[in-house]
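Report on one structure; see the data block that follows.
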Number of protein chains: 2
Amino acid sequence: MTGQSRLSWTDVRDEIQARILDRTYAPGDKLPRDNDLALGLGCARTTVHRAMQELSRIGLVERKRKGGTHVRTDPVTRATFDIPITRREVEQRGSKYAYQLISSAVEPTPGSVMARFGTPHPAEVLHVKALHLSDNRPYIFEDRWIDTTTTPDILEVDLACNSANEWLVRNKPYSKLDVRFFAINAQGENAEHLSVAAGEALLVIERTTWIGTAPITTVRSVTAPGYQLSAQN
Amino acid sequence: MTGQSRLSWTDVRDEIQARILDRTYAPGDKLPRDNDLALGLGCARTTVHRAMQELSRIGLVERKRKGGTHVRTDPVTRATFDIPITRREVEQRGSKYAYQLISSAVEPTPGSVMARFGTPHPAEVLHVKALHLSDNRPYIFEDRWIDTTTTPDILEVDLACNSANEWLVRNKPYSKLDVRFFAINAQGENAEHLSVAAGEALLVIERTTWIGTAPITTVRSVTAPGYQLSAQN
DNA sequence: TAGTGGTCTAGACCACTTA
DNA sequence: AAGTGGTCTAGACCACTAC
């Protein structure tokens, strides 16, 4: 931003991306070798490499040793979503956040949860249902299962005051994550807790986390009508 | 994989991530300086830096000049979704893909589309409706608007044979993307084309792309019941 | 087997930011 | 003002793979 004399790798990334966008390098084309690009741009090969690494990660180009770098012909649309802690999400919009524990009980693991965890072994799990509110209106109904083998501490937590969501996020880092989005029709407890008519279309976010191969928690967050998830890249 | 003697930056990344997961470095903790870590691990500072850059990108740590590196206390759940070309998605599942053009016409830009594009200027747009099928069953109903100022070539394309989706992906790289997910109740043409009962909950993927600030296309993809989007990290 | 990307190192200097 | 991350460079060697 201050008129550097040297090119940073982000500059190089942007320059090459620009050339791809304006078709200087068209889809399928082979790009010059890193070395030649570096020469042409007046920087070190390392710098070009770092830029290329990024373009490759994004999916714009494909790199192969000896094969060189090619502009991808069928770029996938890749979008990164941040799923924040619900309290934050609400508060950042300037709304008032509230949380209600609905139920909490240790139960044997149902088959559906075992399937999500991907473990054949039934374990003791804590089943927690809770409601997140925004400006006193139902916002997200959360149906969560927590593996008490992996996370025995959760049994000591007063879930009436602390959302399991937040406690886990702060205390149980995970190494593997699975996220799914889909739509369901409101019915039964979903409709009841979210105070919507049965049949209403609701977006569901289902998340499961593991540490190593050991399951931590799986949660189904049923959002209020109108809820959107968005990402900008 | 071949028992290198030297540490690669991915090794360093994994090592530090492991330390964070096992609480050697707990949330909120300050990590050693890059230099010290490098010394301890027996590699160059550059290598540690590259690893840290990645952990920072993922959202596991936060770095500040002079402030040092800290383990984030409230990690966001971050998931990257690849939204493939529909044909690919279907074929990769081993199903038969088919495509039907429903309508295609140049129309003045409706307000809703201008809002999505974020442009105050009405432009000429091509309005395309199409249906993607998987094993002869409706899969995705796509309602698309293409800016003919940015993309005049689209008018020459035979959309009865080629899906606008694919043509655009192959021929119109974008520099900016907006993606939204939400749920709607099937009704009207959505219900009709997808052959579902009115009221059924459907997942909608809405995508808008720009090149620079110029809009290219915006598309609302209404998916068949049961459709899921998933990501694993 | 030669060419190309992948990575490391060591040293240097810059830029931000907090103490 | 000093400390810490951010980045560049130049050179070296490695590893994969297309030719």
Side-chain angles (χ1 to χ4, degrees), chain A residues 1-20 24-25 27-73 75, chain B residues 1-20 24-25 27-73 75:
Chain A
M1 215 51 95
T2 49
Q4 313 104 314
S5 51
R6 282 182 176 170
L7 287 165
S8 76
W9 69 266
T10 52
D11 294 334
V12 174
R13 178 199 60 193
D14 293 344
E15 170 61 24
I16 294 172
Q17 178 161 20
R19 290 187 190 174
I20 291 173
T24 303
Y25 307 132
D29 280 8
K30 180 173 186 171
L31 272 67
R33 305 198 308 262
D34 289 5
N35 248 328
D36 292 344
L37 278 169
L39 232 66
L41 293 165
C43 65
R45 179 168 74 101
T46 320
T47 308
V48 171
H49 176 75
R50 185 65 185 83
M52 286 301 198
Q53 200 170 20
E54 199 61 17
L55 293 173
S56 170
R57 192 184 63 79
I58 293 172
L60 248 191
V61 303
E62 195 162 13
R63 281 159 77 74
K64 263 187 219 153
R65 284 160 159 149
K66 169 85 176 181
T69 306
H70 290 261
V71 181
R72 290 188 69 134
T73 51
Chain B
M1 217 48 96
T2 49
Q4 313 104 314
S5 51
R6 282 183 177 170
L7 288 166
S8 75
W9 68 265
T10 52
D11 295 334
V12 174
R13 178 198 59 193
D14 293 344
E15 170 61 24
I16 295 173
Q17 178 161 19
R19 291 187 189 175
I20 291 173
T24 303
Y25 307 131
D29 279 8
K30 181 173 186 171
L31 272 68
R33 304 199 308 261
D34 289 5
N35 246 328
D36 292 344
L37 278 169
L39 230 68
L41 294 165
C43 66
R45 180 170 72 101
T46 320
T47 308
V48 171
H49 176 75
R50 185 66 186 84
M52 286 299 196
Q53 201 170 20
E54 200 61 16
L55 293 174
S56 168
R57 191 184 66 76
I58 293 172
L60 248 192
V61 303
E62 194 163 15
R63 281 159 76 74
K64 264 188 217 152
R65 284 162 160 149
K66 168 83 177 182
T69 305
H70 289 261
V71 181
R72 291 187 67 135
T73 51

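To find a chain, count down the sequence lines: A is the first, B the second, and so on, and within it residues start at 1.
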Seminar exercise, completed: Asn35(A) atom CG is separated from dA12(D) atom C1', nearest whole Å, by 13 Å
Exercise. Whole Å only: how far is the NZ atom of Lys30(B) from the P atom of dT17(C)?
Worked result: 15 Å
Problem set entry | dG5(C) OP1/OP2 closer than 4.0 Å to side-chain N/O of Thr69(A) | yes
Exercise. In whole angstroms, how far is the P atom of dT4(D) from the CZ atom of Arg65(B)?
Worked result: 14 Å
Exercise. Whole-Å distance between dG3(C) P and Arg45(A) CZ?
Worked result: 15 Å
Exercise. Of Gly68(B) and Lys64(A), whose nearest nucleotide on DNA chain D comes first from the 5' end?
Worked result: Gly68(B)
Problem set entry | Whole angstrom value for the distance that separates P of dG5(C) from CG of Leu31(A) | 9 Å
For this session: Using a 4.5 Å cut-off on heavy atoms from C-beta on, say whether the side chain of Asp34(B) contacts that of Arg63(B).
Result: yes
Problem set entry | Options dT9(D), dT4(D), dT7(C), nucleotide nearest the side-chain atoms of Trp9(B) | dT7(C)
For this session: Could you state the atom-to-atom distance from CG of Leu39(B) to P of dA10(C) in whole Å?
Result: 11 Å
For this session: Can you tell me the distance, in whole Å, between the CG atom of Asp34(B) and the C1' atom of dT9(C)?
Result: 15 Å
Problem set entry | Phosphate OP1/OP2 of dA10(D) contacted by Thr46(A) side-chain N/O (<4.0 Å) | no
Sequence neighbours excluded and cut-off under 3.5 Å, please list the side-chain donor-acceptor pairs for residues 50-57 of chain B, or say none.
{"residue": "Arg50(B)", "atom": "NH1", "partner": "Glu54(B)", "partner atom": "OE1", "Å": "3.4"}
{"residue": "Arg50(B)", "atom": "NH2", "partner": "Gln53(A)", "partner atom": "OE1", "Å": "3.4"}
{"residue": "Gln53(B)", "atom": "OE1", "partner": "Arg50(A)", "partner atom": "NH2", "Å": "3.3"}
{"residue": "Glu54(B)", "atom": "OE2", "partner": "Arg57(B)", "partner atom": "NE", "Å": "3.4"}
{"residue": "Glu54(B)", "atom": "OE2", "partner": "Arg57(B)", "partner atom": "NH2", "Å": "2.8"}

Seminar exercise, completed: From NZ of Lys66(A) across to P of dT17(D) the rounded distance in Å is 13 Å
Problem set entry | Phosphate OP1/OP2 of dT4(C): any Arg33(A) side-chain N/O under 4.0 Å | yes
Exercise. Given dG5(C), is OP1 or OP2 found less than 4.0 Å from the side-chain N or O atoms of Gln53(A)?
Worked result: no
Exercise. With no hydrogens and no angle check, is any side-chain donor or acceptor of Asp14(B) less than 3.5 Å from a backbone partner on Asp11(B)?
Worked result: no
Problem set entry | Flag side-chain contact, heavy atom, 4.5 Å: Ile20(B) against Val61(B) | yes
Exercise. Does the side chain of His49(A) get closer than 4.0 angstrom to OP1 or OP2 of dG6(C) through an N or O atom?
Worked result: yes
For this session: May I ask you to evaluate whether Arg63(B) reaches the phosphate of dG6(D), defined as a side-chain N or O under 4.0 Å from OP1 or OP2?
Result: yes
Exercise. Are any of the side-chain heavy atoms of Tyr25(B) and Pro32(B) separated by less than 4.5 Å?
Worked result: yes
